[in-house]
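Take a look at the structure below.
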Amino acid sequence: MMLQLTPVEVLAVLGGLFALVMVWRASAKATRRASEAARTSVRFMSLAGRVVVTAAAIVGVQWIVIKHPGNEGLLLAVLGVPALFASYTLTRALTVTAVDMPQQKKGRRR
């Protein structure tokens, strides 16, 4: 039994396979983009949640120490330590550590 295909049938099969591959690639790219967007939003929400919880803990400890006065050293420590962490973070974020210079073409000058 021999399979007899016309050139039109062969081209139709090849075109169908090509279309199937293109649809598969497009869906893979869309899935990758959607998962990356989801990861980015989850990372942001996770970071925002940690920032809020940490800030609430710092404010809670500071509020307790301020409401119960009596130890000036403890009050300075409770107010000063978070300020040191904040100043360190801001200094690191706002300091330029490297300057990217455009690279010149290597070769002779004329």
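A quick note: this is a predicted structure, and the numbers were derived from the prediction, not measured.
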### Query
With the 4.5 Å side-chain cut-off for hydrophobic clustering, are V81 and L79 part of the same group?
no
### Query
How close do P82 and A77 get, heavy atom to heavy atom, and via which atoms?
CD-O, 4.2 Å
### Task
Evaluate the side-chain proximity of V21 to L17: yes if any heavy-atom separation is below 4.5 Å, no if none is.
no
### Closest non-hydrogen atom pair between L84 and S87, with its separation
O-OG, 2.9 Å
### Message
Run the side-chain contact (heavy atoms from CB on, under 4.5 Å) test against K67 and tell me which residues pass, sequence neighbours left out.
### Response
W63
### Message
Working to the nearest 0.5 angstrom, can you tell me the gap between R33 CZ and T31 OG1?
### Response
9.0 Å
### Task
For residues Q4 and E9, report the shortest heavy-atom separation together with the two atoms involved.
O-OE1, 4.0 Å
